[in-house]
Each structure stands twice: as C-alpha cells, then as structure tokens.
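Structure first, then comments.
Start at 1 with the first residue, then count along the sequence. Nothing here was measured: the structure is a model prediction, and the numbers come from that model.
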Amino acid sequence: MNLKLQHIHNIESNTLQITGSKSETNRLLILQSLYPNIKINNVSNSDDSELMQKALQSDEVVIDIHHAGTAMRFLTAYFAVKEGKETVLTGSKRMQERPIRILVEALQQIGCEISYEKNHGYPPIRIHGKQPTSNKVSLQANVSSQYISALMLIASSLPNGLEIFLEGKVTSVPYINMTLSLLSEAGVEGAFKNNRITIKPCDKVLSGNIVVESDWSSASYFYSIVALSNNVSVTLGSYKAQSYQGDSALAEIYKNLGVVTTFDKNTITLTKVPDTILKLPEGLDLSNSPDIAQTIAVTCFGLGIGCYLTGLHTLKIKETDRLEALKTEIEKLGGHVHVTNDTLRLAPGSAIKKDISIPTYNDHRMAMAFAPLALRTSLYIEDANVVSKSYPDFWLDLGKLGFKVLEASNIS
C-alpha cells in the first residue's frame with residue numbers, strides 16, 4: 001500500500017494509546033516460554049512480537065521469522081538450549097544478509113551445536129538443541145546488544161547460570177539494563193559490572209503479572225510531530241518516568257527542539273514551546289538509543305536546522321543500511337547529508353521539495369520517521385504497511401491528529 005500525506009499546517013491535540021514495547025515484549029516472551037507462570041500485560045501488537053509468539057509455539061523444524069531481527073537473535077539462543085529439538089531458523093532476503101556469527105560463536109563456546117545452511121556467519125542456521133557444557137562465555141560488545149541479551153535471557157535456565165565477559169566498548173547499554181531489569185522483575189538474580197554480566201540459575205521465577213511499558217521508539221514520531229507543529233500538545237500512554245528503554249532519552253533530547261515532556265501517572269504529554277532556540281548538542285551520541293536517529297535527523301531537516309549525530313554504527317546492519325537510506329531520501333527532499341560508518345551530519349537549510357516519494361526499504365522506521373514532514377510539505381510513502389513490524393496502528397493514529405492520509409495507487 002502506497003500513501004500520500006497531504007501538507008497540513010497543524011495538528012489537533014489528542015490522547016493516544018501506544019502499543020507495548022516490542023523490545024520488552026520479546027524479552028518477556030522468551031522468559032515466559034522458559035517459565036510459564038509468568039503473565040504479561042500490554043503485549044506489543046507488532047508483527048515482530050506476533051512472529052516471536054508463533055515461533056515459540058511452533059512444532060515445525062523450519063521457522064521463518066521474516067524481517068524480525070530481535071526474534072532471530074533471541075530464538076537462536078533459546079532453541080540452542082532446547083535439548084533434543086532441531087530447528088532451522090531462516091528469514092527474509094535481508095535477514096539472510098544480517099550477521100549472526102558473533103552470537104553463534106558465543107553459543108558454540110558454551111557447547112551449543114549450530115551450523116550454517118548457506119553463507120558462513122549468516123542465517124539460515126541449523127540448531128541442534130542441547131545442554132551447554134560451560135557457564136562462561138566471552139564476545140565482542142560493540143556490534144549489537146541483542147546478542148548479549150539473547151544470552152542473558154537463557155542464562156537462568158542453565159544448571160550453573162552464565163558469566164558473560166564483554167570485550168571492548170559496550171553498545172546500547174540501556175538495552176542490556178532493560179534485560180537485567182526484566183529478569184529481576186521476574187525474580188532472576190543478575191549483575192552487570194566492569195564488562196561482566198553474571199546471571200544466576202533459577203528453577204522457578206516469581207508468579208504474577210509483568211506490565212510491558214509502551215514503546216518509546218514509537219513515541220519518537222510524536223515528538224517529531226509536536227516539534228514540527230505550532231502550539232499544541234499530544235498525550236501518550238502508557239509510560240513511566242523511570243523507564244527501562246534507552247529511547248526514553250527522547251524527553252531530554254527534544255527539549256532542544258522545543259518539546260517539553262510532562263509525566264502524569266502512566267502518561268506523557270508532549271507540548272510545543274514556542275520561541276525555543278532550536279539546536280542539538282554537537283556530536284549527539286546515540287549509541288545508547290540508535291533507533292531514534294532517523295526520527296531526530298528528519299525532525300531537524302523539517303525544522304531547517306543542522307545536526308551531527310554519532311554512535312550510529314549498528315544502523316548499518318538493520319532492516320536496511322539506515323544511514324545510507326537517510327542520506328538518499330533527505331537529499332531527494334532537498335537536504336544535504338554526509339554519513340560515515342557511525343555518524344550523520346545534516347546541513348541546515350530551509351527549502352523542502354514537495355510530492356517526493358519515499359521508499360521504505362522494508363524498514364518500518366523509514367516510513368514513520370518521514371511521515372511528520374507532512375507538516376512541512378506533501379509527500380508519498382511507499383509500501384506504508386511496513387509499519388506493522390512495530391506499530392500497526394500508526395496511520396490510524398496520525399489520522400486522529402488531523403493528518404490527511406490517502407491511498408495512492410500510482411507513484412511516479
């Protein structure tokens with residue numbers, strides 16, 4: 001489905017309920033499969049979480065997780081320790097280009113049996129589930145925190161737990177802390193200190209409900225919308241001031257772009273503050289929250305200001321190469337962008353071209369990051385259904401704010 005977003009001059013204040021975080025949901029789904037007495041509330045309705053649930057319930061040998069990168073990493077570790085179960089994990093063409101070697105080698109260190117079906121280091125992989133023979137593992141820490149979280153999630157189910165030694169600078173620390181916090185909430189003991197994570201074995205976790213906080217990555221698009229709007233406010237639920245999610249850094253970052261966040265019980269209200277001096281810190285480090293880089297870059301472009309973002313090296317191996325995709329699409333709209341392997345620099349400018357068509361590269365965040373530009377120009381979003389990966393109701397929610405979202409059959 002292709003959409004045209006008509007240029008609108010402002011939005012309507014409203015209250016929206018955002019689906020549960022898929023990052024938290026997918027971690028808890030693994031834990032629930034290991035410890036069935038865990039109950040989960042506010043589960044994400046994203047494609048990724050539905051694929052995770054389906055995979056965990058499947059009796060098939062071949063499991064296709066399509067574009068779901070988190071599912072690929074977490075399920076690799078999960079099935080590796082399911083004694084006696086053989087599983088082939090595969091995915092989309094892009095998924096088969098995304099590396100898995102570091103996690104596979106870490107699991108092989110503790111005695112797991114995993115082999116590659118096609119290209120070495122990449123899915124599809126064949127897993128022969130077995131009991132690990134070691135409780136110590138080391139791996140690079142600067143590629144994807146999902147590798148580390150995958151090991152942490154299975155660690156308490158192992159007879160002797162697991163000690164994970166991280167080599168080098170750790171990427172996306174908040175996501176590791178999220179995993180540790182969710183384990184603790186379930187009753188699993190763990191610690192993270194001096195590049196070493198220790199998870200103790202646990203036969204039975206605490207019974208009871210664990211509530212998934214709504215997704216801060218999804219909230220980012222409304223920060224962008226409010227920043228690009230006039231004097232309005234948008235209320236989002238369900239959020240908490242002390243969040244496990246690294247993307248909650250949005251509240252501080254967007255102060256620089258004229259948006260103030262007010263916490264009230266389980267909601268946040270985003271309010272535009274007129275006459276703010278709009279300027280991000282030079283060299284804003286997003287290594288702890290790389291998923292909001294696209295949103296921030298597009299917001300700055302829409303505001304006509306420059307930005308220099310760093311800590312973006314993991315964006316090269318996402319659903320697409322997000323840095324190159326951002327550069328290509330912002331420049332089509334009239335901007336000037338320079339990217340390296342881990343940075344993005346956007347030059348200030350004011351002119352934004354109209355009726356430009358934005359391909360989404362099978363990447364949900366490309367669609368949602370560019371949508372707020374309808375407050376500055378009319379544009380097209382190709383393959384707009386891609387948002388279902390994390391936020392199926394996104395276009396409906398934009399409509400509630402007054403966006404003019406129309407189906408477009410032909411895009412030139």
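- Between Tyr116 and Tyr122, the ring centre distance reaches or exceeds 6.0 Å.
- Residues passing the side chain to side chain contact (heavy atoms under 4.5 Å, CB included) test with Asp64, sequence neighbours excluded: His66, Thr90.
- With sequence neighbours left out, Tyr35 forms a ring pair (Phe, Tyr, Trp, His ring centres under 6.0 Å) with no residue at all.
- With 3.5 Å as the limit, one finds no donor-acceptor pair spanning the side chains of Gln245 and Ser23.
- Remark: Thr310 pairs with no residue by the side-chain hydrogen bond (donor to acceptor under 3.5 Å, both in side chains) rule, at least two apart or across chains.
- Between Asp291 and Arg365, at least one side-chain N (NZ, or NE/NH1/NH2) sits under 4.0 Å from a carboxylate O, which counts as a salt bridge.
- A salt bridge is defined here as a Lys NZ or Arg NE, NH1 or NH2 lying under 4.0 Å from an Asp or Glu carboxylate O, and Lys327 with Glu324 fails to meet this definition.
- Donor-acceptor pairing under 3.5 Å is recorded for the side chains of Ser49 and Asn26.
- Using the six-membered ring where Trp is involved, Phe222 and Tyr391 have ring planes that are tilted, between 30° and 60° apart.
- Taking 4.0 Å as the cut-off between side-chain N and carboxylate O, Arg94 and Glu97 count as a salt-bridged pair.
- Under the 6.0 Å cut-off for aromatic ring centres, His9 and His7 qualify, their centroids lying closer than that.
- Using a 4.0 Å cut-off between a side-chain N of Lys or Arg and a carboxylate O of Asp or Glu, Glu282 and Arg345 qualify as a salt bridge.
- Residues Lys389 and Asp47 are not paired through a salt bridge, judged by the lack of any N-O separation under 4.0 Å between the basic side chain and the carboxylate.
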